[in-house]
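Below is one structure, written out as structure tokens; comments come after it.
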Amino acid sequence: MEELQFKIDGPKFKDGVPLPMAISALNSFQSIVDKTYLVTVNKTRITASEREKFYLRATEFKQGSLLTYFDIALHGIQLGLPLVSSLGPQDIWSLTKDTFSMLKTVCGAVQTGKEPSYEFNNAGDVSLHIGDEHHHYHGPVFQIAQLALPNYRDLAHLLGNNKLTEISAGQKTSSQHDIYLNESDRGAFDLPTKIQKETTELKCEVFDFNKFKNAGKLSVSSAGQEIPPGEYNFSIFGNQDSVEYIYTLLKPQVTLFCLIEESISPFGGMAVHKLHITGVGL
């Protein structure tokens with residue numbers, strides 16, 4: 001597979017690379033590629049041992065902007081998808097760039113009041129219809145898109161505000177970017193939302209919390225709850241003390257009470273946009 005490049009650029013990089021911004025962009029990008037991996041191996045989380053087998057490997061950094069050349073390391077992976085017997089780095093990247101294309105298309109449609117519809121054939125591949133517009137994707141792209149949407153939203157939100165003007169990724173020798181976002185794409189993955197009126201009880205694991213922003217991320221692993229298994233952004237509702245939430249990081253499972261903020265899903269129906277935590281259970 002040809003070496004790939006990942007680039008972020010903007011006024012903030014004029015006098016050097018601001019590490020918090022660079023780390024945030026690189027983390028979001030790794031998370032995007034991780035979602036492709038998770039769907040192809042039919043798992044919900046990458047374990048420490050699996051991370052030794054699958055990761056992005058940077059080979060060189062360039063100054064001026066943050067430009068890094070990288071490849072996809074993939075060693076001894078057991079696949080979980082039916083009808084797929086082998087998988088290489090090129091397949092991972094092809095699915096990733098197709099997912100970007102689908103998400104830009106369907107999120108743009110929802111933002112303009114259009115409703116995407118989908119048809120699946122016997123091989124699991126999907127046809128996307130938006131009015132008279134038609135697109136065709138391999139089946140895993142639909143699943144990856146559902147998982148990766150929050151990560152693309154986080155990445156796009158780094159743009160603008162006189163900080164970043166470009167985020168791109170693709171083949172090192174190609175003038176065409178497989179993934180490209182500029183300042184006008186800051187809201188490309190944002191969707192209309194509404195907050196439920198009733199409080200929901202949720203059993204989950206809190207794995208990230210920022211006490212300065214009173215926000216973090218949690219993981220829901222057990223089915224049969226108000227929201228499906230997955231990772232979700234959350235914020236503390238009102239002016240609560242953050243100490244109790246810091247302690248939740250030490251526990252494998254906690255009970256939280258929350259108001260669910262939903263968005264119109266580009267995949268049909270409603271989807272969880274964010275959780276507003278009102279309290280911690282016993």
Side-chain angles (χ1 to χ4, degrees), residues 4-13 17-39 46 54-58 61-62 65-72 92-111 141-172 176-191 193 207-208 210 213 215-217 219 230-235 263 265-267 271-274:
L4 300 164
Q5 69 175 30
F6 176 70
K7 178 182 179 181
I8 53 177
D9 197 5
K12 283 289 185 179
F13 290 80
V17 176
L19 288 181
M21 187 175 294
I23 291 170
S24 180
L26 289 167
N27 277 341
S28 291
F29 185 58
Q30 175 71 69
S31 296
I32 284 168
V33 183
D34 283 351
K35 298 306 188 295
T36 303
Y37 169 85
L38 287 171
V39 169
I46 297 176
F54 169 73
Y55 52 90
L56 299 184
R57 178 173 49 205
F61 287 88
K62 295 287 188 179
S65 56
L66 175 67
L67 175 63
T68 175
Y69 300 126
F70 72 94
D71 56 24
I72 299 173
I92 290 285
W93 185 247
S94 293
L95 290 171
T96 300
K97 68 179 183 180
D98 286 349
T99 299
F100 171 77
S101 172
M102 172 186 269
L103 283 173
K104 278 292 294 289
T105 301
V106 297
C107 289
V110 170
Q111 289 173 352
V141 172
F142 181 82
Q143 301 173 57
I144 298 164
Q146 292 176 291
L147 293 176
L149 177 55
N151 304 119
Y152 275 108
R153 187 182 295 122
D154 290 343
L155 192 62
H157 284 176
L158 295 172
L159 291 157
N161 296 329
N162 294 317
K163 295 179 180 179
L164 291 183
T165 56
E166 176 188 334
I167 301 174
S168 62
Q171 302 289 344
K172 179 179 176 180
Q176 299 294 320
H177 301 289
D178 295 328
I179 294 174
Y180 181 82
L181 297 167
N182 59 29
E183 289 178 287
S184 65
D185 294 313
R186 177 178 171 83
F189 306 103
D190 293 345
L191 302 167
T193 67
F207 64 89
D208 181 47
N210 186 317
K213 296 181 179 180
K217 292 188 176 183
S219 173
E231 295 180 359
Y232 300 93
N233 293 319
F234 73 85
S235 63
S263 61
S265 173
F267 310 106
V272 176
H273 173 70
K274 188 177 183 180

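If you read the sequence from its start, that first residue is 1, and numbering goes on from there. Values below: every heavy atom of this structure, side chains too, minus hydrogens, waters and symmetry copies. Note that the coordinates shown come from a computational prediction; the quantities given were computed from them, not determined experimentally.
- Contact check for D9 versus L164: no side-chain heavy atoms found under the 4.5 Å cut-off.
- With hydrogens and angles ignored, the 3.5 Å screen pairs no side-chain donor or acceptor of S24 with any backbone N or O of P20.
- Taking OG of S28 as the start and CG of L158 as the end, the distance is 6.0 Å to the nearest 0.5 Å.
- Atom CG of residue L149 and atom OG of residue S265 lie 8.0 Å apart, to the nearest 0.5 angstrom.
- Residues I92 and Y37 come closest through the heavy atom pair CD1-CA, 4.2 Å.
- Rounding to the nearest 0.5 angstrom, the gap separating the OG1 atom in T68 from the CG atom in L56 is 9.5 Å.
- S65 places none of its side-chain heavy atoms less than 4.5 Å from the side chain of V17.
- For F142, the ring-ring contact (aromatic ring centres under 6.0 Å, His included) criterion is met by Y118, F120, F267, not counting sequence neighbours.
- For N182, the side-chain contact (heavy atoms from CB on, under 4.5 Å) partners at least two apart in sequence or on another chain are Y180, S184, D185.
- Annotation: the span from I144 atom CD1 to T96 atom OG1 amounts to 6.5 Å, rounded to 0.5 Å.
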Full working for side-chain contact (heavy atoms from CB on, under 4.5 Å) between K172 and Y69 = CA-CA 7 Å; K172 179 179 176 180; Y69 300 126; 3.6 Å; yes
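- Between F100 and Y152, the two ring planes are tilted [angle within 30° to 60°].
- A distance-only check finds a donor-acceptor pair linking the side chain of R153 to the backbone of F189 [under 3.5 Å].
- Summarising the geometry of A148 relative to L103, their closest heavy-atom pair is C-CD1, 4.5 Å, with the distance given to 0.1 Å.
- Nearest heavy-atom pair, V110 versus P266, reported as atom, atom and distance to 0.1 Å: CG2-CA, 3.7 Å.
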Worked check of side-chain contact (heavy atoms from CB on, under 4.5 Å) between L147 and D34 | CA-CA 10 Å; L147 293 176; D34 283 351; over 6 Å; no
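- In terms of modelled atom types and a separation under 3.5 Å, the side chain of Q143 and the main chain of T36 share no donor-acceptor contact.
- The shortest distance between side-chain heavy atoms of V33 and Y55 does not fall below 4.5 Å.
- In this view, K35 and N151 satisfy the side-chain hydrogen bond (donor to acceptor under 3.5 Å, both in side chains) rule, not counting sequence neighbours.
- Side chain of R186 to backbone of H157: a donor-acceptor contact under 3.5 angstrom is found.
- Put simply, the side chain of K274 reaches to within 4.5 Å of the side chain of S235, judged on heavy atoms.
- Residues N162 and K12 are not in side-chain contact: their nearest non-hydrogen atoms beyond the backbone lie 4.5 Å or more apart.
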Go through Y232 and H273 one step at a time and tell me if the side-chain contact (heavy atoms from CB on, under 4.5 Å) criterion holds.
-> CA-CA 8 Å; Y232 300 93; H273 173 70; over 6 Å; no
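- Put simply, CD on Q30 and CD1 on I46 are 7.0 Å apart, with the number rounded to the nearest 0.5 Å.
- In this structure, F6 and A25 approach most closely via the heavy-atom pair CZ-O, 4.0 Å.
- Under 4.0 Å is where a charged nitrogen must lie from a carboxylate oxygen, and between D154 and K217 at least one such pair does.
- In this structure, S168 and I179 have side chains that are not in contact, with every pair of non-hydrogen atoms separated by 4.5 Å or more.
- When atom types are taken as modelled, the side chain of Q5 and the backbone of Q171 share no donor-acceptor pair closer than 3.5 angstrom.
- Heavy atoms only, all atoms of each residue included: A145 and T99 are closest at CA-CG2, 3.5 Å.
- The heavy-atom pair separating A22 from I8 by the smallest distance is CA-CD1, 4.0 Å.
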Verdict with supporting geometry, L159 and E166, side-chain contact (heavy atoms from CB on, under 4.5 Å) = CA-CA 7 Å; L159 291 157; E166 176 188 334; 5.6 Å; no
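- Taking CG from L66 and CZ from F61, the interatomic distance works out to 6.5 Å, rounded to the nearest 0.5 Å.
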